[in-house]
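Only one structure is covered here, and it is reproduced in the block below.
Throughout, protein chains are lettered first and strands after them, A, B, ... in sequence-line order, and every chain is numbered starting at 1.
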There are 2 protein chains.
Amino acid sequence: MAKTERRSDALTRERIVDVAIEVLDSDGENGLTFRALAARLETGHGAIQWHVANKGELLKAATAVAVAKAVGETAPDTPPREAIHTIALGVFDAIEAHPWVGGQLARPPWQSTMLDIFEHIGRQVRALGTPVATHFTSTTALLHYIIGAGGQNATNSRSPEAFGDRGDFLDGLAAQWAELDADRYAFTRTVADQLRVHDDRAEFLAGLDLMLDGMTMPR
Amino acid sequence: MAKTERRSDALTRERIVDVAIEVLDSDGENGLTFRALAARLETGHGAIQWHVANKGELLKAATAVAVAKAVGETAPDTPPREAIHTIALGVFDAIEAHPWVGGQLARPPWQSTMLDIFEHIGRQVRALGTPVATHFTSTTALLHYIIGAGGQNATNSRSPEAFGDRGDFLDGLAAQWAELDADRYAFTRTVADQLRVHDDRAEFLAGLDLMLDGMTMPR
DNA sequence: ACCTGAACACCGTTCAAGT
DNA sequence: ACCTGAACACCGTTCAAGT
């Protein structure tokens, strides 16, 4: 299990991935270069590529580490809807903390990370007691929503426009919406106020509950 | 309105964007380079950048053109759920035809393209007769699902693994699922058969209907 | 106004050479 | 086994120079 290390700061695949996550968080996907990584790790870029073959592999490994915590076990007696909330918020928060994760999870080939999330959500879907024939559809739909909403939320909150005070940003955006063309944006204008006061995590859960309601409503 | 053109193949912003869409469709986002574009348009790459300042602007313009058709008007007497299906499938198909669109729509700043989709969906949400206070949440959730599911579906179907016969691909993947560890993937194994026979567009609409059911169920 | 192409400061990836 | 750094074939972007 333990490998012999000459120096405490020996170059390992694990250390490379950890630093890659730091770089991705601070500088984004384009900021992650083998040369930038080499500078932080005080080595040559070729050394890194001995441990990690290419950039795709590096992104995949970083995603797995960043999301791993989100899909931990939930207590066996947790009601299924509540358990789904926990898993979904775990993924949502992981993407919010590491916005580059959103784009990676969607990208094939499906890593084991994605399969783990699918499995955990699916177990709770089954626990809801819905017909077996609907399980695949329901689990897939939930996963699409969770990854999609999480990714879009994270990119929105990191946009240059959103930088600074959140209240100011939403006030400004809501004001823009309220002044849109009355005919062309007849609907959008009416929800400007709801945009102004909304909470991202609460909206995310409310959308999730719409799906859960649809799955469990009496037929 | 009409600008004087010396040659029929004069370099215009519109022509650049059209060719950019062709390149994006065939070679993906990384295949789109100013030099590749210049070769196709038989000009220098600098000429292109006189019309389009940078790559981001080019991607934004290409996305707007590729999605524009999807958000056309629906007949005024169409039942709202049916109208939402039409809009959603339009976006879904546009992303399937142009997979790079998925990543672009999610990226801020929200282009007018995204606002148009929001407006059209919102009008139908209002037509469903649900409480006004829920309109923003419902429309946002639908949009997150549509963009998210569309993007993930498109990247999945374009993955190297999925290249070739779709039946063979799903058979192979379902076989892998069925052979997963019985404890760790207890749920996933049971839906392998549902994965094998699923239809992407039907699944997409089924997921959408879960949300619509949740929005309209009696409380 | 529109186009050209050299120049610059980067990339990812490969690989002969070292230890 | 692990690391180094030169070399290669690219990028996006800038910009002086042309028409």
Are there any protein N/O atoms within less than 3.5 Å of an N/O atom in nucleotides 17-19 of chain C, and if so, which ones and at what distance?
none

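When heavy atoms are screened at a 4.0 angstrom cut-off, L32(B) is found touching the sugar-phosphate backbone but no base atom. Contact annotation for I48(B): no contact, since no heavy-atom pair falls under 4.0 Å across all strands.
Here the straight-line distance linking atom CD of E119(B) with atom CD of Q124(B) works out to 10.5 Å at 0.5 Å rounding. Here NE2 of H135(B) is found 12.5 Å from OG1 of T188(A). Values are rounded to the nearest 0.5 Å.
Atom pair R15(A):CZ and dC3(D):P shows a separation of 10 Å (rounding to whole Å applied). Between the CG atom of L37(B) and the P atom of dC11(D) there is a distance of 12 Å, given to the nearest Å. Atom-to-atom, NE2 of H45(B) to P of dG12(D) comes out at 9 Å; the value is rounded to the nearest Å. In this structure, L58(B) atom CG and dC11(D) atom C1' are separated by 15 Å, rounded to whole Å. Taking atom CD of residue Q49(B) and atom C1' of nucleotide dA7(C), one finds them 14 Å apart after rounding to whole Å. Remark: C1' of dG5(C) and CH2 of W50(B) are 18 Å apart, rounded to the nearest angstrom. Going from atom CD1 of I16(B) over to atom P of dC3(C) covers 8 Å, rounded to whole Å. Rounded to an integer number of Å, the gap from CZ of R35(A) to P of dA9(C) is 15 Å.
One finds a salt bridge joining D200(A) and R166(A) here, because a Lys/Arg side-chain nitrogen approaches an Asp/Glu carboxylate oxygen to under 4.0 Å.
With dG12(C), dT13(D), dC3(D) as the choices, the nucleotide that has an atom nearest any side-chain atom of A47(A) turns out to be dC3(D). When distances are taken from the side chain of H51(A) to each of dG12(C), dC2(D), dC3(C), the shortest belongs to dC2(D).
No hydrogens or angles considered: a donor-acceptor pair under 3.5 Å links the side chains of S157(A) and E96(A). Side-chain contact, H85(B) with D209(B): a donor N or O sits under 3.5 Å from an acceptor N or O.
Two residues, G46(B) and G46(A), neighbour DNA chain C, and the one matched to the more 5' nucleotide by heavy-atom proximity is G46(B).
When the P atom is compared between dA17(D) and dC2(C), the two are found 22 Å apart, to the nearest whole Å.
In this structure, F118(B) has its ring center under 6.0 Å from that of W177(A).
Listed for the R196(A) side chain is no donor-acceptor partner under 3.5 Å among the backbone atoms of L170(A).
The side-chain heavy atoms of T137(A) and H198(B), taken from C-beta on, include no pair separated by under 4.5 Å. Side-chain contact between I146(B) and F204(B) is present, with at least one heavy-atom pair separated by less than 4.5 Å.
Pairing analysis of DNA chain C (Watson-Crick: purine N1 to pyrimidine N3 plus N6-O4 or O6-N4; G-U wobble: N1-O2 and O6-N3; both under 3.5 Å) yields stems of 3 or more pairs at C:4-8 with D:12-16, C:12-16 with D:4-8.
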